[in-house]
Amino acid sequence: EEREIAMKEAGYNTFNLKSEDVYIDLLTDSGTNAMSDSQWSGMMIGDEAYAGSKNWVYLESTIKEIFGFKHIVPTHQGRGAENILSSIAIKPGQYVAGNMYFTTTRYHQEKNGGIFVDIIRDVAHDAAANIKFKGDIDLNKLQKLIDEKGAENIAYVCLAVTVNLAGGQPVSMANMRAVREITAKHGIKVFYDATRCVENAYFIKEQEEGYQDKTIAEIVLEMFSYADGATMSGKKDGIVNMGGFLALRDEELLQKGRELVVVFEGMPSYGGMTGRDMEAFAIGLKESLQFEYIQHRVLQVRYLGDKLREAGIPIVEPVGGHAVFLDARRFCPHLTQEEFPAQSLAANLYLESGVRSMERGIVSAGRDKNTGENHKPKLETVRLTIPRRVYTYRHMDLVAEAVISLYAHKEDIKGLRFV
Ligand code: P70
């Protein structure tokens with residue numbers, strides 16, 4: 001009864017719930033990580049100087065070492081870096097090609113006059129297709145875009161590792177290398193969204209030929225050797241609650257980026273983070289590269305996915321790095337997309353169990369600016385996102401039981417309408 005009241009008050013929108021009304025919180029893996037004892041002790045040595053904090057010196061050198069980039073601009077979180085990159089690297093009217101979109105990333109690209117083009121392989125839009133490296137860029141689509149629009153009209157390629165909205169799907173090293181080769185021929189820059197890059201590296205080690213004997217650190221370094229720069233939300237694979245950065249090779253872009261960070265984020269030696277945040281971020285990045293950590297992370301997510309699949313629950317295949325996505329189209333075949341099946345499924349999962357999840361479908365996709373019509377994405381999903389180092393396998397059992405028991409009476413899930 002309490003959950004019914006809470007969900008109604010939240011307008012059947014899981015974002016509007018109070019966290020104290022939530023039992024197991026799988027809304028996101030962003031900033032919800034548990035920090036280690038080392039990170040907490042790092043918090044105690046915060047150097048809160050306005051400029052030149054020693055924690056910045058440490059964070060900067062750590063990022064340079066891990067990713068191999070020459071220049072780092074700190075930001076308060078990922079979207080701060082996206083704002084700066086989009087402002088300095090896009091001329092109005094230019095195309096920005098990406099392997100599917102992410103909401104904040106695409107917003108900043110479009111706000112700066114960019115025209116987003118999705119060049120992910122088609123199969124990434126098919127929830128049921130169980131194939132490796134589903135996040136790969138379709139090289140033919142990339143080549144076609146260059147041939148049709150001209151290299152000078154493409155601002156850059158934005159390559160996300162992993163692809164969040166496709167289900168946390170990784171990109172293969174072979175694909176990153178090939179994208180580099182094609183773009184280099186035409187002088188087009190490539191910027192990565194590094195947000196979940198360590199999870200991506202784990203998949204490469206596990207599944208791509210020739211990488212089994214490499215360390216996660218070696219794989220990450222090779223991945224970014226094919227990029228001109230990157231934006232990162234530290235709130236995911238940085239294992240912190242807040243933080244981010246923009247990495248660059250180009251001096252000219254760096255100069256422009258440093259000018260903008262001052263007005264949007266803070267000085268180029270903190271960018272919206274406190275000294276203690278920067279210390280914890282640097283330590284978190286190092287910890288994320290430990291094989292035992294990242295293996296546990298990815299396998300815990302997969303454990304939940306396996307349990308659901310075995311019970312016949314329709315999920316996005318294969319299970320990605322950060323979440324299990326319920327396929328709301330197959331879960332609620334009695335609802336049309338305009339009845340917001342994923343939104344309703346997320347609300348009903350909360351009512352069933354107190355588990356909070358996130359809609360990733362027609363509501364998240366937003367509306368056409370000009371016509372006001374809903375964008376209708378092919379993927380209509382509910383994301384069960386696992387925070388890092390927070391929950392146990394027993395919690396995963398409970399989540400699986402909740403989904404399975406809801407599935408047994410799925411016909412009761414009603415559609416929603418906007419009021
Ligand atoms: C999520 C979060 C953030 C994110 C991301 C990728 C691949 C950049 C960012 C931005 C938080 C979120 C954001 C918008 C709507 C819902 C949820 N993803 N790139 O839960 O980073 O949040 O630090 O600005 O996934 O997936 P930041």
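Scope of the values below: all heavy atoms of this structure, side chains included, with no hydrogens, waters or symmetry mates. We number each residue from 1, following the sequence as shown. Quick caveat: nothing in here was measured; it's all calculated off a predicted structure. First listed ligand is number 1; within each ligand, the first listed atom is number 1.
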Test: Arg177 and Glu222 ion pair at under 4.0 Å: yes
Per-atom contacts, ligand 1 versus Thr28 - under 4.0 Å to a heavy atom: 1 (C), 20 (O)
Cationic tip of Arg196 above Phe102 ring, under 6.0 Å, 45° of axis: no
Atoms in ligand 1 with a heavy atom of Thr103 nearer than 4.0 Å: 14 (C), 15 (C)
Proximal atoms of ligand 1 relative to Lys235 (non-hydrogen, under 4.0 Å): 23 (O)
Pairs involving residues 274-286, ordered by first then second residue, that meet salt bridge (charged side-chain N to carboxylate O under 4.0 Å, His left out) (sequence neighbours left out): Glu48-Arg276
Qualifying residue, where the test is side chain to side chain contact (heavy atoms under 4.5 Å, CB included) with Val171 and the options are Leu159, Ile137, Val179, Thr162: Leu159
Closest to atom 7 (C) of ligand 1 (judged by heavy-atom distance), picking from Thr385, Asp193, Val161, Val163: Asp193
Element-labelled atoms of ligand 1 that are located less than 4.0 Å from some non-hydrogen atom of Arg196: 1 (C), 5 (C), 7 (C), 25 (O), 26 (O)
Option among Thr183, Leu253, Val157 that satisfies the side chain to side chain contact (heavy atoms under 4.5 Å, CB included) test with Lys189: Leu253
Closest protein heavy atom to atom 9 (C) of ligand 1, given as residue, atom name and distance to 0.1 Å: Phe102 CE2, 3.6 Å
Shortest protein contact, atom 2 (C) of ligand 1 (heavy atom only): Lys236 NZ, 3.3 Å
Parallel, tilted or perpendicular: rings of Phe67 and Phe224 (30°, 60°): perpendicular
Protein residue, atom and distance nearest to atom 27 (P) of ligand 1, heavy-atom basis: Gln77 NE2, 3.2 Å
Charged tip of Lys205 within 45° of Tyr202 ring normal and under 6.0 Å: no
Part of His76 within contact of ligand 1 (heavy atoms, under 4.0 Å): neither
Residue that, paired with Asp228, satisfies salt bridge (Lys or Arg N to Asp or Glu O under 4.0 Å) out of Arg249, Lys70, Arg180: Arg180
Axial cation check for Tyr12 ring with Lys414, 6.0 Å and 45° limits: no
Under the ring pair (Phe, Tyr, Trp, His ring centres under 6.0 Å) test, residues paired with Tyr350 that sit two or more places apart: none
Nearest neighbour in protein (non-hydrogen) for atom 8 (C) of ligand 1: Glu82 OE2, 3.0 Å
Geometric N/O contact Thr162 with ligand 1, under 3.5 angstrom: no
Nitrogen or oxygen atoms of Asp29 and ligand 1 under 3.5 Å apart: no
Atoms in ligand 1 with a heavy atom of Arg79 nearer than 4.0 Å: 13 (C), 21 (O), 22 (O), 24 (O), 27 (P)
Taking atom 17 (C) of ligand 1 as the reference point, the nearest protein heavy atom with its distance: Met358 CE, 3.9 Å
Per-atom contacts of ligand 1 with Thr195, taking only distances under 4.0 Å to non-hydrogen atoms: 6 (C), 8 (C), 19 (N)
NZ/NE/NH1/NH2 to OD/OE distance under 4.0 Å, Lys132 and Glu206: no
Numbering as shown, the atoms of ligand 1 that approach Gly78 to under 4.0 Å (heavy-atom distance): 21 (O), 23 (O), 24 (O), 27 (P)
For atom 23 (O) of ligand 1, the option (of Ser233, Gly244, Gly234) bearing the nearest heavy atom: Ser233
From Thr104, Thr75, Asn164, Asn83 - option closest to atom 10 (C) of ligand 1 by heavy atom: Thr104
